[in-house]
Amino acid sequence: MHLISSKIKEFHLAKKLFQFSLLITFFFVHSCSTIQPQYGKQVDSPKETFQESEIPTHRFFLIGDTGDAGEPASTTTFEFFKSRIDKADSASTVIFLGDNIYPNGMPDENSNQRKKAEQKLQLQIDLLRNFKGQTFFIPGNHDWYSGIKGLKAQEAFVTAQLGKKTFQPNKACPIDSKKISDEISLIFVDSQWYLEDWDKHKNMNADCDLKTRDEFLEEFESELNKNQNQLTIIAIHHPLLSGGTHAGQFSWSKQLFPFEAKIPLPLIGSFINLLRKTSGGSPQDNQNHIYREFINRLKTLVADRENLIFVSGHDHNLQYLESENIKQIISGAASKDEAARAVNPNDFSAGWQGYAVLDVFNDGSSKVYYYGNKNGSEKLLFEHSITEKRPVFTDFIYENEFKATEVSQIYTDEMTRKSGFYQFLFGKHYRKYYSTPVEVPVLDLSNEYNGLTAIRAGGGHQTNSIRLVDSFTGKEYSLRALKKSASRFLQALAFREQYVARDFEETFTEDFLLDFYTTTHPYYPFVIGELAAPIGIYHTNPRLFYVENQNNLGIYNKDFEPGLYMLEERPMRNFNDTESFGAPQNIISTSKLFENLRSDEKYKIDEKSYIRARLFDMLIGDWDRHSDQWRWSEFSQDEKNYFQTYSQRQRSGFPQV
């Protein structure tokens, strides 16, 4: 009887385990990814009919995960791709989106796998023999598997045949950019650089200006700011959005065959996939903490940007995804195929081999086309309009009749009206000056200097600003609001992995931070020059104006808020005739200064002027200094080049807490 009872218990345990396994399997199979094309609720198959009469300004051919070039499955796809690019004109670009050599990138010269790796890469290069446009290769995770030495060997192999800077970013560095035209820019990102275990590479970043992940993110933001007026295509191997296996979307087949070796593991396979989806054990999966940090930081930086398109590989399929203001093209199906899922309303996915074509038109609009190879036949699977036409100057026409002066204030009376108890807790500050009405000149940009025109929005983390240019002299100026932005400050410093800027508008948190800014006198920048000049410190010459919407602000009128603004020089070479900068031979940034100091001993810093400037900062209580707030005037003497410094954009002074 005991034996029978024991067997019954074992049976019930096995039954429960089986039921649990079925539950796991059902969890994955329900609404799972498939090889067949899937379309979101708002798209069709394909959405529109392709019209050859729609001639693009520029055409991008996007193909990724080409690392198994030469295998029978990829040969036909490559033939279709070559046939299409052979017909393209010079206004075209091919981008290989990483994982250019399977399985381990470019092995060492002594490896018996080196010749095969070179053959795979050569087959890709041979596709371009009749192509009239330009070509770029970017690295993927597999390209890093032979280390930095292997990555640089792959770069050398490509550039020897296709020319310099065709492998991007170069020198195993994380980021570079390329201007395609006045309307289109490319940013190249080596995402595996960020995800890599740097302890495995003793010479990591030896040839790079950027040495840390934070520096890369700052540079990425800077590139976005520089290219904000163009349609910007970001070529990055690892996608920010995905409906494939790397994002935890598995097909029925993947439940049975969780590994590439195709060993059948029913039930166990589902458990392995569940573990993969929840643990984030692999840095190649979205759930991994490093990958998640990486994509969250990038998502935050691009959340309020327009005219950005991410193009990626990594997933072995074709996908288009739209979510969180991100437009993501995935074209990683050149030599492998794998199921995917269309999750969002505008999404598309197909587990076919193929590639994508991105067309950019004269007005800034763009459209993507996906071509798939099924049983030796090519088919247009999906097409979708991505970006709309860009705003133009004529969208913002104003009939201004400027007054000579205007009375205004930085804060409303209500914003500075605080109770005695509140002031007891937090201090009196300079609140009364923020809400005191002041009469100032009205700025007419068309009549200032030789006429100033807005060229881009500023990238500050506290202040809304616009960069202006005097087209006659080339001198640039910054127009900076005296009212700072609490939401920008919170976004930049407190919520780097989540976009929250709009969430704090009209909240107590925003009110509190705006009040905290009153610890600094609002008009102190306008007396700095009078204090600095007598003690030999170079300085900018800010001027106070009331500014309203006007024609010379162009498309920036869209987000412009009239009010009190500071107009200030943006120090650069063109200001070499300005006495307050010392009338120097040149004016350079801090990063350029360091580059010069490392390159030759003839470059020296005038230590006395630097110490004097730092002591001056301490005297006025300006502790908010970073490298981009310094500029350096260059002078030659006795075959030496000396740099004297001055600071710009003081953000705090004469603090009162």
Side-chain angles (χ1 to χ4, degrees), residues 169 173-189 209-210 212-236 240 297-310 325-327 364 387 390-391 452-469 474-481 484-485 487-493 495-497 499 501-502 553-561 565-572 588-592 624 626-631 648-649 651:
C173 297
I175 187 170
D176 209 336
S177 62
K178 168 76 175 178
K179 186 175 182 180
I180 299 296
S181 68
D182 289 340
E183 293 79 29
I184 309 169
S185 293
L186 263 175
I187 297 177
F188 305 99
V189 173
D209 292 331
L210 307 179
T212 69
R213 291 179 174 90
D214 280 341
E215 287 179 350
F216 155 73
L217 292 165
E218 289 175 8
E219 182 64 19
F220 181 75
E221 184 178 17
S222 175
E223 288 289 347
L224 293 179
N225 290 332
K226 280 194 292 187
N227 297 298
Q228 64 185 245
N229 295 329
Q230 291 89 38
L231 174 67
T232 302
I233 299 165
I234 302 167
I236 176 172
L240 273 65
R297 292 293 297 273
L298 295 192
K299 283 180 179 180
T300 302
L301 290 173
V302 305
D304 60 349
R305 311 265 179 173
E306 298 176 355
N307 299 324
L308 296 179
I309 301 173
F310 286 84
N325 196 41
I326 294 165
K327 298 171 176 63
T387 56
R390 73 176 72 86
L452 299 178
T453 305
I455 54 175
R456 76 180 192 185
H461 292 155
Q462 293 186 38
T463 309
N464 295 315
S465 63
I466 294 176
R467 187 180 298 181
L468 309 164
V469 66
K475 294 179 178 179
E476 293 183 5
Y477 299 82
S478 292
L479 188 64
R480 189 169 292 109
K484 296 186 179 182
S485 170
S487 57
R488 279 197 178 202
F489 175 80
L490 285 167
Q491 186 66 76
L493 298 181
F495 295 92
R496 295 185 176 186
E497 295 185 30
Y499 185 71
R502 296 189 183 96
L553 288 175
I555 61 173
Y556 303 101
N557 281 291
K558 179 166 59 76
D559 301 312
F560 184 79
E561 183 179 347
Y565 283 77
M566 176 172 65
L567 181 66
E568 182 182 30
E569 305 99 326
R570 189 172 182 275
M572 54 194 297
I588 63 173
S589 65
T590 302
S591 59
K592 184 65 177 178
D624 184 11
H626 58 75
S627 61
D628 193 45
Q629 290 175 318
W630 294 87
R631 289 294 182 269
Q648 61 169 357
R649 291 191 292 168
R651 288 178 177 167

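Checking Asp176, Val189, Leu210 one by one against Pro169, the side chain to side chain contact (heavy atoms under 4.5 Å, CB included) holds for a single residue, Asp176.
Within the 3.5 Å criterion, the main-chain N or O of Ile455 finds a donor-acceptor partner in the side chain of Tyr556. When atom types are taken as modelled, the side chain of Gln228 and the backbone of Asn225 share a donor-acceptor pair closer than 3.5 angstrom. Remark: the backbone N or O of Ser465 is not paired with any side-chain donor or acceptor of Thr463 at under 3.5 angstrom.
Looking at residues two or more places apart in sequence or on another chain, you find a ring pair (Phe, Tyr, Trp, His ring centres under 6.0 Å) between Phe560 and Tyr565. Partners of Asp304 by salt bridge (charged side-chain N to carboxylate O under 4.0 Å, His left out), not counting sequence neighbours: none found. Qualifying ring pair (Phe, Tyr, Trp, His ring centres under 6.0 Å) partners for Phe188, counting only residues two or more places apart in sequence or in other chains: Phe136. Not a single salt bridge (charged side-chain N to carboxylate O under 4.0 Å, His left out) links Lys327 to another residue, sequence neighbours left out. Remark: Glu219 engages no residue in a salt bridge (charged side-chain N to carboxylate O under 4.0 Å, His left out) (not counting sequence neighbours). For Arg467, the salt bridge (charged side-chain N to carboxylate O under 4.0 Å, His left out) criterion is met by Glu476, not counting sequence neighbours.
Heavy-atom minimum distance, Gln230 versus Glu183: CB-O, 3.3 Å. Of all non-hydrogen atoms in Arg390 and Gly364, the two that sit nearest each other are NH2-CA, 3.3 Å. In terms of heavy atoms, Leu224 sits closest to Leu301 at CD1-O, 3.9 Å.
The structure places CD1 of Ile309 at 5.0 Å from OG1 of Thr387, a figure rounded to the nearest 0.5 Å. Leu452 contributes atom CG, which lies 9.0 Å from atom CG of Leu479 (distance to the nearest 0.5 angstrom). To the nearest 0.5 Å, the span separating OG on Ser177 from CD1 on Ile233 amounts to 13.0 Å. Between Ile234 atom CD1 and Ile175 atom CD1 the span is 8.5 Å, to the nearest 0.5 Å. With values rounded to the nearest 0.5 angstrom, Trp630 atom CH2 is found 14.5 Å from Ile588 atom CD1. Taken to the nearest 0.5 Å, the OH atom of Tyr477 stands 10.0 Å off from the CE atom of Met572.
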task: Give the C-alpha distance, both sets of side-chain angles, the deciding distance and a yes or no for side-chain contact (heavy atoms from CB on, under 4.5 Å) between Val469 and Arg570.
output: CA-CA 10 Å; Val469 66; Arg570 189 172 182 275; over 6 Å; no
field: Leu298 vs Ile326, side-chain contact (heavy atoms from CB on, under 4.5 Å): CA-CA, chis, key distance, verdict
entry: CA-CA 10 Å; Leu298 295 192; Ile326 294 165; over 6 Å; no
- prompt: Can Asp559 and Asn464 be said to form a side-chain contact (heavy atoms from CB on, under 4.5 Å), step by step?
  reply: CA-CA 10 Å; Asp559 301 312; Asn464 295 315; over 6 Å; no
Derivation of the side-chain contact (heavy atoms from CB on, under 4.5 Å) call for Arg297 and Arg213: CA-CA 11 Å; Arg297 292 293 297 273; Arg213 291 179 174 90; over 6 Å; no
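Contact check for Arg631 versus Ser589: side-chain heavy atoms found under the 4.5 Å cut-off. Considering only heavy atoms from C-beta on, Glu569 stays 4.5 Å or farther from Lys475 through its side chain.
Annotation: Lys299, atom NZ; neighbour count of heavy atoms from other residues, nucleotides and ligands within 6.0 Å is above 12. Atom CG of Asn325 has more than 12 neighbouring heavy atoms from other residues, nucleotides or ligands inside a 6.0 Å radius.
Side-chain contact check for Asn227 and Arg456: no donor-acceptor pair (N or O, by modelled atom type) lies under 3.5 Å.
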